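Below: one structure, written as structure tokens.
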Number of protein chains: 2
Amino acid sequence: MNPAPSMSQHDMTILAETFRLLGDATRLRILFFCLPEPKSVGHIAESLELSQTLVSHHLRLLRGARLVRGERRSKQVFYEIADNHVSDMLIDMATHIDEDHTEV
Amino acid sequence: MNPAPSMSQHDMTILAETFRLLGDATRLRILFFCLPEPKSVGHIAESLELSQTLVSHHLRLLRGARLVRGERRSKQVFYEIADNHVSDMLIDMATHIDEDHTEV
DNA sequence: ATAATATATGAACAGATATTCATGTATCGT
DNA sequence: ACGATACATGAATATCTGTTCATATATTAT
């Protein structure tokens with residue numbers, strides 16, 4: 001029940017890097033926007049009112065950390081959350097935040 | 001089961017801020033070090049081979065975001081993870097990272 | 001081939017951030 | 001009161017990061 005997490009230095013670095021990427025409101029918005037289903041770059045930019053360039057830059061970072069995956073469909077590229085671990089992570093965190101100020 | 005997390009802008013900001021603080025290897029080390037039990041500032045600094053000053057600065061940030069709590073016991077101040085949400089969060093994330101490269 | 005659409009990349013810059021150094025404050029023993 | 005120990009704070013700085021602007025690449029239609 002209590003994992004007493006003794007993480008390797010390597011894991012610690014990966015974890016920090018992951019958190020660092022999640023630690024930006026713009027990137028978080030992109031991630032949560034793509035959470036329900038894959039979205040094209042243009043759709044993301046338009047919906048979140050961000051420049052296409054900025055969205056691409058952020059997607060590149062998220063891709064690099066394997067937080068999202070991009071798939072080309074003709075002219076557009078659709079991005080989705082990379083896997084269930086990432087989705088679960090996001091949902092878990094959102095839940096924690098929610099509970100944090102719902103509780104006593 | 002699927003919360004379809006529609007977070008408020010405010011929640012999103014809080015979440016991003018929390019992630020941002022977790023997104024630094026030094027702070028993460030401090031947090032995981034304090035996870036099993038409260039530790040004094042000096043103990044943290046010595047064990048993690050960080051300057052006392054640096055540890056204090058980071059603890060201040062973590063305190064500000066209510067990720068840790070400090071309690072004075074005579075001359076020393078012991079810091080512990082603020083509450084179960086934070087502990088769970090950290091353990092969850094550590095588990096995700098662990099699974100991420102354990103799996104196929 | 002050319003043009004148009006969709007996305008990616010590189011350079012540049014302003015603002016943020018981690019770390020160090022110097023110094024301040026609090027608590028205890030004498 | 002004084003010195004010693006433990007922690008906190010402020011300023012300074014070098015590095016990093018998010019964003020924009022300009023431009024490149026890829027795909028499709030004509």
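Only a predicted model underlies this, so the values are computations on that prediction, with no experimental measurement involved.
The side-chain ring of H57(A) is stacked on the base of dT9(C), judged by centre separation under 5.5 angstrom and plane angle under 30 degrees.
Listed for the R27(A) side chain is a donor-acceptor partner under 3.5 Å among the backbone atoms of L21(A). Listed for the R72(B) side chain is no donor-acceptor partner under 3.5 Å among the backbone atoms of V77(B). Here the side chain of D11(B) pairs no donor or acceptor atom with the backbone of I14(B) at under 3.5 angstrom.
Within the 6.0 Å centre-distance limit, the rings of F33(A) and H43(A) are counted as a close aromatic pair.
Residue E71(A) contributes atom CD, which lies 18 Å from atom P of dA6(C) at whole-angstrom precision. One can place CZ of R60(B) at 16 Å from P of dT19(C), the figure rounded to the nearest angstrom. The distance from atom CG of L54(B) to atom P of dA12(D) is 19 Å, rounded to the nearest whole Å. Rounded to an integer number of Å, the gap from CG of L59(A) to P of dG18(D) is 13 Å. If you measure from atom CZ of F78(B) to atom C1' of dC7(D), you get 12 Å, rounded to the nearest angstrom. In this structure, CG of L22(B) is placed 16 Å from C1' of dT17(C), rounded to the nearest angstrom. If you take CG of L48(B) and C1' of dT19(C), they are 16 Å apart, rounded to a whole angstrom. dC16(D) atom C1' lies 12 Å from atom CG of L61(A), rounded to whole Å.
Across dA8(D), dT20(D), dA18(C), the shortest atom-to-atom separation from the side chain of D24(B) is found for dA18(C). Closest to the side chain of S56(A), from the set dT5(C), dT19(C), dA8(C), is dA8(C). Ranking dT27(C), dA6(C), dG10(C) by closeness to the R72(B) side chain, first place goes to dT27(C). Side-chain proximity of K75(B) to the nucleotides dT7(C), dC28(C), dT20(D) is greatest for dC28(C).
Ion pairing between a basic and an acidic side chain is recognised when a charged N comes within 4.0 Å of a carboxylate O; E71(B) and R69(B) show no such pairing.
For the pair R27(B) and dA18(C), the criterion of a side-chain N or O lying under 4.0 Å from OP1 or OP2 is met. S40(B) has no side-chain polar atom (N or O) that falls below the 4.0 Å cut-off from OP1 or OP2 of dA6(D). For Y79(B) and dA8(D), the shortest distance from a side-chain N or O to OP1 or OP2 is below 4.0 Å.
Annotation for E17(A): atom CD counts as buried by contact number, over 12 foreign heavy atoms lying within 6.0 Å.
Counting non-hydrogen atoms under 4.0 angstrom, H58(B) reaches the backbone sugars and phosphates but no base. Within the 4.0 angstrom heavy-atom criterion, only backbone atoms of the sugar-phosphate kind lie near R20(B); the bases stay farther away. Backbone-only contact: S74(A) has heavy atoms under 4.0 Å from sugar-phosphate atoms and none from a base. Contacts of Q52(A) with the nucleic acid, taken as non-hydrogen atoms under 4.0 Å apart, include base atoms. Within the nucleic acid shown, R63(B) comes within 4.0 Å of sugar-phosphate atoms alone, with no base atom in reach, counting heavy atoms only.
Residues T53(B) and E17(B) each lie close to DNA chain C; by heavy-atom proximity, the contact nearer the 5' end of the strand is made by E17(B).
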